[in-house]
Amino acid sequence: MTQNYRKAALKLVAAFTLTLLGSCATTPPPPTVAPYNPNFHYSAESGGGKLDVTIGVVAPQFSGGSQLGAQQRKSDPLFKALQSSMSATFNELLIAKGFTTKGPFVSLSDMTFPEKKGSDLLLYPEFDFQINLHESNAHLAEQSAGDQFIATLAGNHQRVPECDITLSVTGNVLFVAQEPLSGERMWVKRLDVSSEGQTFHNVQGSLCAKQPPTQDIKNAWNKAHEIVYQTSMKALDSYVNGEEFQLLKKQSLELRAKKAY
């Protein structure tokens, strides 16, 4: 009787296990999150006639806390794409408005004296913003349902790191027009690019366990860079006025005439 009972019990356990495995196998996997490609393109409308103003376009410069971040991320493809796209779009936007342009130049110090002298004004963005991922509420939690079932069968009740991840943008972008030879700033516009943080709750493993971020966090990171780019380009498009820059050219030439080079 005891042996028969054991056989029957083993059959029931096996049937139950197969049923669970079968239900697990038929459960569709969670949907794959597609990568988000940031849009670093902006088209400015034509401003009409040609303007007698030559502007040297300079790549984004960095100030404040963004200087360290720029050094740390100088080889990051996303950050490099943001910088190069902003420089190229500056150039395209100014041409569309009727300006003559030179560059883009990597930095102010990379311009030669003839290049500076041949420009009425220099125009560049100055970054003083940070895009951050912040971890909070870190703790150990049970594994997700599918992993937990497999771990239970293996006799392993492992707990995994879990936390909340907040992505935020803080700081501003300055648009600077300066007299090329003296370095005097003739025109400055400040754009606040800070945004309310986006929080991802109960993220398992990723970042909390010093692992690569999940795809949805990567997508939010890419979107944050896109928002900075698009917001900046729209602002610059509205800020730059042909008549105002013709007046700035006149003031720039007056300043240059007072100095000997």
Side-chain angles (χ1 to χ4, degrees), residues 33 35-42 44 57-90 93 104 106-108 122-139 161-178 185 187-240:
V33 179
Y36 181 83
N37 296 315
N39 177 17
F40 290 150
H41 299 283
Y42 180 83
V57 178
V58 181
Q61 305 299 295
F62 302 91
S63 64
S66 65
Q67 288 179 316
L68 178 59
Q71 284 297 317
Q72 294 173 337
R73 299 187 59 199
K74 62 182 179 181
S75 60
D76 176 15
L78 179 63
F79 194 61
K80 289 167 69 176
L82 174 64
Q83 293 183 74
S84 62
S85 296
M86 289 191 79
S87 297
T89 307
F90 261 49
L93 187 149
V106 175
S107 68
L108 303 172
L122 302 181
L123 182 65
Y124 58 90
E126 187 173 277
F127 289 170
D128 187 13
F129 70 86
Q130 293 82 40
I131 300 177
N132 299 309
L133 289 173
H134 176 69
E135 171 193 322
S136 62
N137 191 28
H139 58 278
E162 183 176 273
C163 65
D164 298 337
I165 302 294
T166 300
L167 185 148
S168 62
V169 182
T170 56
N172 55 72
V173 175
L174 293 182
F175 300 103
V176 181
Q178 73 178 49
R185 294 188 172 192
W187 179 90
V188 177
K189 298 289 185 181
R190 183 185 300 271
L191 173 67
D192 185 357
V193 293
S194 300
S195 63
E196 185 175 347
Q198 179 180 357
T199 300
F200 300 84
H201 296 284
N202 304 321
V203 180
Q204 287 194 354
S206 179
L207 293 180
C208 312
K210 309 305 179 185
Q211 298 174 1
T214 56
Q215 189 60 57
D216 55 346
I217 295 177
K218 288 181 182 178
N219 288 350
W221 179 259
N222 291 349
K223 183 68 175 179
H225 285 75
E226 176 188 298
I227 291 173
V228 169
Y229 168 85
Q230 293 292 342
T231 303
S232 299
M233 292 305 99
K234 290 175 183 177
L236 181 67
D237 197 359
S238 65
Y239 290 157
V240 174

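The model shown is predicted, which means the values in this text are computed figures rather than measured ones.
- The side-chain heavy atoms of Met233 and Phe90, taken from C-beta on, include a pair separated by under 4.5 Å.
- Rounded to the nearest 0.5 Å, atoms OH (Tyr229) and OG1 (Thr89) are 2.5 Å apart.
- Between the side chains of Asn222 and Glu226, no donor-acceptor pair is found at a separation under 3.5 Å.
- In plain terms, the two heavy atoms of Ser63 and Glu126 that are nearest each other are OG-OE2, 3.5 Å.
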Could you give the side-chain donor-acceptor pairs of residues 167-177 under 3.5 Å, partners two or more places apart or in another chain?
unit_1, atom_1, unit_2, atom_2, d
Asn172, OD1, Arg190, NH1, 3.4

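- With sequence neighbours excluded, the residues forming a ring pair (Phe, Tyr, Trp, His ring centres under 6.0 Å) with Phe79 are Phe62, listed by chain and number.
- Atom NE2 of His225 sits about 14.5 Å away from atom CG of Asn39, to the nearest 0.5 Å.
- When all heavy atoms of Gln61 and Ser107 are compared, the closest pair comes out as NE2-CA, 3.8 Å.
- Atom CG of Asn219 is separated from atom CD of Gln215 by 4.5 Å, given to the nearest 0.5 angstrom.
- In plain terms, the two heavy atoms of Ile165 and Cys163 that are nearest each other are CD1-SG, 3.6 Å.
- In this structure Asp216 satisfies the side chain to side chain donor-acceptor pair (under 3.5 Å) test together with Thr214, sequence neighbours excluded.
- Side-chain atoms of Thr231 do not come within 3.5 Å of backbone N or O of Val228 as any donor-acceptor pair.
- With sequence neighbours left out, Ser84 forms a side chain to side chain donor-acceptor pair (under 3.5 Å) with no residue at all.
- Atoms CD1 and NZ, from Ile131 and Lys223 in turn, are 12.5 Å apart once rounded to the nearest 0.5 Å.
- Considering all non-hydrogen atoms of both residues, Ser87 and Ala59 come closest at OG-CA, 3.2 Å.
- The OH atom of Tyr239 lies 12.5 Å from the CG atom of Leu123; values are rounded to the nearest 0.5 Å.
- Here CZ of Phe127 is found 6.5 Å from OG of Ser232. Values are rounded to the nearest 0.5 Å.
- Judged as a ring pair (Phe, Tyr, Trp, His ring centres under 6.0 Å), and not counting sequence neighbours, Tyr42 has no contacts.
- Legend: salt bridge (Lys or Arg N to Asp or Glu O under 4.0 Å) pairs involving residues 75-85, not counting sequence neighbours, sorted by first then second residue: Arg73-Asp76.
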